[in-house]
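See structure below.
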Amino acid sequence: MYCSTRSNISCSDTSAILSGIAKDGGLFVPDDLQGIQISPEECVRLSYPELSGKIMAAFLPGLKESMPQITAVYPRKFRAEEITPLTAVGDDWALELYHGPTLAFKDVALSVLPLFITEAKKSEGIPETISILTATSGDTGKAALEGFHDVAETDITVFFPYQGVSEMQRLQMVTQAGSNVRVAAVRGNFDDCQRGVKKAFAEFGKLPKEAQGGRILSSANSINIGRLVPQVVYYYAAYRKLLSEGRILPGQEVDFVVPTGNFGDILAGYLAKKIGLPVGKLVCASNANNVLYDFLRTGVYDRRRPFCKTSSPSMDILVSSNLERLLYFSCGGDAEAVASLMGQLDTEGFYKISDAMLSEIRSLFTAYWCSEAETAETIGRLFREHSYLADTHTAVAFSALEKYKASEGKGRVCVVLSTASPFKFPNAVLSAIGGEAGADEFETALRLADLGGVACPEEISLLKSRPILHETVIDAEDIVNYSVKR
Ligand SMILES: *Cc1c(COP(=O)(O)O)cnc(C)c1O
């Protein structure tokens with residue numbers, strides 16, 4: 001069963017996936033993590049589809065029968081044989097999550113979420129169209145469009161911050177074909193998009209059934225538990241790879257460093273720990289939007305600060321939705337307490353958690369952040385010292401790793417989650433390794449391939465000739481209207 005973080009609402013796994021967010025505005029969490037225990041040793045010999053099927057079925061028993069068919073998409077959609085390969089970078093490891101169709105880690109979950117939804121819809125016997133609303137800081141949008149375009153009985157609307165994503169990210173979205181897709185740029189930042197979408201859910205829920213037009217709204221953001229579950233898998237994949245290569249002994253703890261925005265990816269690491277993966281520390285890496293760094297150090301979450309546009313736009317977020325799930329777990333499931341903190345964040349812009357909660361959280365999490373200059377320096381250093389070409393988000397995490405090792409690291413094996421292809425951010429990456437931008441993004445990408453010694457993915461080069469299909473620009477206030485009327 002799944003329950004809401006904000007009240008005693010509870011429902012089945014399939015219904016949690018279909019609704020995305022609870023009616024009280026809370027997020028769904030599994031109510032019995034203790035009941036799911038998976039040891040990495042039992043996973044060593046499984047293929048990635050088998051491994052993901054095993055872990056995902058444990059979280060989503062309602063979809064167990066369909067798992068073999070669902071997980072078969074991985075080898076079809078991912079270029080890397082291991083799906084999420086682990087690459088040595090000096091003494092540390094990069095867990096490369098970007099070998100899917102849209103070149104960011106979001107593909108791992110969004111390749112299977114449409115199938116979760118289709119199957120859940122069947123098993124719940126729901127005739128309505130599932131209408132996906134998605135706010136994106138850059139990568140979720142395209143990955144969700146790729147997953148949902150032309151899927152029967154679904155439609156999808158993506159909101160991205162106008163001038164707040166990289167040019168490649170924008171082109172990926174506005175060239176998306178499909179009979180059931182809408183893409184709108186929003187005059188505002190990611191937080192405005194996310195707030196608008198959450199509000200649309202609330203408003204839509206209040207409409208009488210006749211006015212809902214035979215639709216049910218759902219989300220492809222990491223507020224949907226169906227986004228997090230597939231992400232638990234690659235923490236296991238990394239661990240068992242280290243195990244099978246003899247880099248660690250059974251039971252030995254491994255640290256994971258996660259470039260963080262909405263706190264979804266790192267929360268998947270937390271879930272992995274809870275179901276039995278030996279995780280040492282989860283290192284939360286932020287860019288200049290370092291609200292999570294402050295929170296994890298002081299227990300005060302304060303979104304009242306300037307929003308910075310950085311070279312790692314997918315992490316330009318001040319309201320990290322999934323933190324709500326961690327709060328819930330770290331106060332022993334006190335939904336009333338969580339609802340009150342979230343209410344305060346909404347009305348006053350900040351909240352402070354108790355010392356007991358903070359120390360509970362700090363026993364597993366730590367945080368570092370890095371500036372724009374440090375991000376660029378790190379890309380340069382990784383390239384010079386290890387011939388490793390990292391994107392801007394991954395570089396934020398490697399910079400955090402250096403700081404972590406220098407101050408509190410315990411010498412454990414460290415895995416950095418590498419979340420996007422450098423070719424999604426060719427300008428920033430090329431200049432960080434000493435190259436000069438070309439006349440346009442595509443020429444820059446070719447130069448990056450030359451200098452970086454890595455082939456430019458076809459998905460990027462093909463974008464150049466795709467027609468622009470979506471030119472809508474709306475105000476943040478219009479997200480609700482745009483979403484409700486379809
Ligand atoms: C979305 C994203 C992140 C942040 O992940 P969250 O789950 O939002 O914390 C980091 N890097 C890249 C490339 C992303 O697309």
Side-chain angles (χ1 to χ4, degrees), residues 27 84 94-110 113 134-146 158 160-161 164-166 168-170 172-173 190-191 193-194 219-232 234-235 256-272 282-287 289-293 295-296 310-326 365 367 369-370 375 379 390-400 416-425 428-429:
L27 306 186
T84 58
L95 177 60
E96 296 181 354
L97 305 173
Y98 58 80
H99 297 290
T102 77
L103 310 172
F105 87 88
K106 309 296 200 294
D107 285 326
V108 177
L110 286 162
L113 185 68
T134 297
T136 182
S137 57
D139 290 322
T140 292
K142 177 61 184 183
L145 289 165
E146 178 67 31
V158 168
F160 73 89
V165 299
S166 85
M168 286 301 182
Q169 289 176 317
R170 187 186 73 86
Q172 281 186 306
M173 291 187 276
F190 171 76
D191 291 323
C193 297
Q194 179 162 255
S219 169
N221 284 107
S222 51
I223 54 178
N224 192 324
I225 192 70
R227 263 288 300 280
L228 296 189
V229 169
Q231 296 177 187
V232 175
Y234 45 70
Y235 286 88
F256 290 90
V257 188
V258 189
T260 297
N262 220 3
F263 211 75
D265 208 8
I266 198 167
L267 196 93
Y270 174 84
L271 294 175
L282 290 169
V283 181
C284 173
S286 299
N287 65 23
N289 293 292
N290 53 7
V291 60
L292 286 164
Y293 168 86
F295 170 73
L296 289 166
T310 73
S311 58
S312 44
S314 306
M315 294 154 65
D316 289 348
I317 294 179
L318 291 179
V319 182
S320 298
S321 286
N322 278 289
L323 189 59
E324 179 169 347
R325 289 187 164 110
L326 181 63
F365 288 85
W369 73 278
C370 82
T375 307
I379 295 173
D391 96 290
T392 45
H393 304 74
T394 305
V396 167
F398 269 103
S399 171
V416 171
L417 273 61
S418 177
T419 48
S421 158
F423 289 93
K424 291 190 98 162
F425 314 93
V429 178

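Start at 1 and go down the list; that is how both ligands and their atoms are numbered. What you see is a predicted model, and the numbers here were worked out from it, not measured in a lab.
- Counting atoms of ligand 1 from 1 in the listed order, those under 4.0 Å from a heavy atom of Lys106 are 1 (C), 2 (C), 3 (C), 14 (C), 15 (O).
- Considering only non-hydrogen protein atoms, atom 8 (O) of ligand 1 sits nearest to Asn262 N, 2.8 Å.
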- Task: Please step through ring-ring contact (aromatic ring centres under 6.0 Å, His included) for the pair Phe263 and Phe295, ending with a clear verdict.
- Result: CA-CA 12 Å; Phe263 211 75; Phe295 170 73; 8.1 Å; no
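- Pro259 counts as a contact of ligand 1, since one of its heavy atoms falls under 4.0 Å from the ligand.
- On a distance-only criterion, Phe263 and ligand 1 share at least one N/O pair closer than 3.5 Å.
- The distance criterion of under 3.5 Å between nitrogen or oxygen atoms is met by Gly264 with respect to ligand 1.
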- Message: With side-chain contact (heavy atoms from CB on, under 4.5 Å) as the criterion, how do Thr419 and Met315 come out once you've worked through the C-alpha distance, each side chain's angles and the decisive distance to 0.1 Å?
- Response: CA-CA 11 Å; Thr419 48; Met315 294 154 65; 5.9 Å; no
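- Side-chain atoms of Ser321 never come within 3.5 Å of backbone atoms of Ile223 as a donor-acceptor pair (strictly under, hydrogens ignored).
- For atom 11 (N) of ligand 1, the closest non-hydrogen atom on the protein side is Thr419 OG1, 2.9 Å.
- In summary, the side chains of Ser137 and Asp316 do not present any donor paired with an acceptor at a separation below 3.5 Å, with no hydrogens or angles considered.
- Between the side chains of Ser314 and Gln169, at least one donor N or O lies within less than 3.5 Å of an accepting N or O.
- In terms of protein heavy-atom proximity, atom 7 (O) of ligand 1 is nearest to Asp265 N, 2.9 Å.
- By the 3.5 Å distance cut-off applied to N or O atoms, His393 is not counted among the residues near ligand 1.
- Close approach of ligand 1 to Ala420 (heavy-atom distance below 4.0 Å) involves ligand atoms 13 (C).
- Inter-residue side-chain proximity for Arg325 and Leu271 is flagged as unmet; no heavy-atom pair is nearer than 4.5 Å.
- Every atom of ligand 1 is numbered from 1 in the order shown, and the set under 4.0 Å from a heavy atom of Thr260 is 9 (O).
- Using modelled atom types and a 3.5 Å distance limit, the side chains of Arg227 and Asn224 yield no donor-acceptor pair.
- Judged by distance alone, the side chains of Ser312 and Thr310 do bring a donor and an acceptor atom under 3.5 Å apart.
- Side chains of Asp107 and Thr102: a donor on one and an acceptor on the other come within 3.5 Å.
- Under 4.0 Å from ligand 1, not a single heavy atom of Tyr98 appears.
- The option from Asp139, Leu267, Thr136 that lies nearest to atom 15 (O) of ligand 1, judged by heavy atoms, is Asp139.
- Ranked by closest heavy atom to atom 4 (C) of ligand 1, the top entry among Gly261, Ser320, Ser137 is Gly261.
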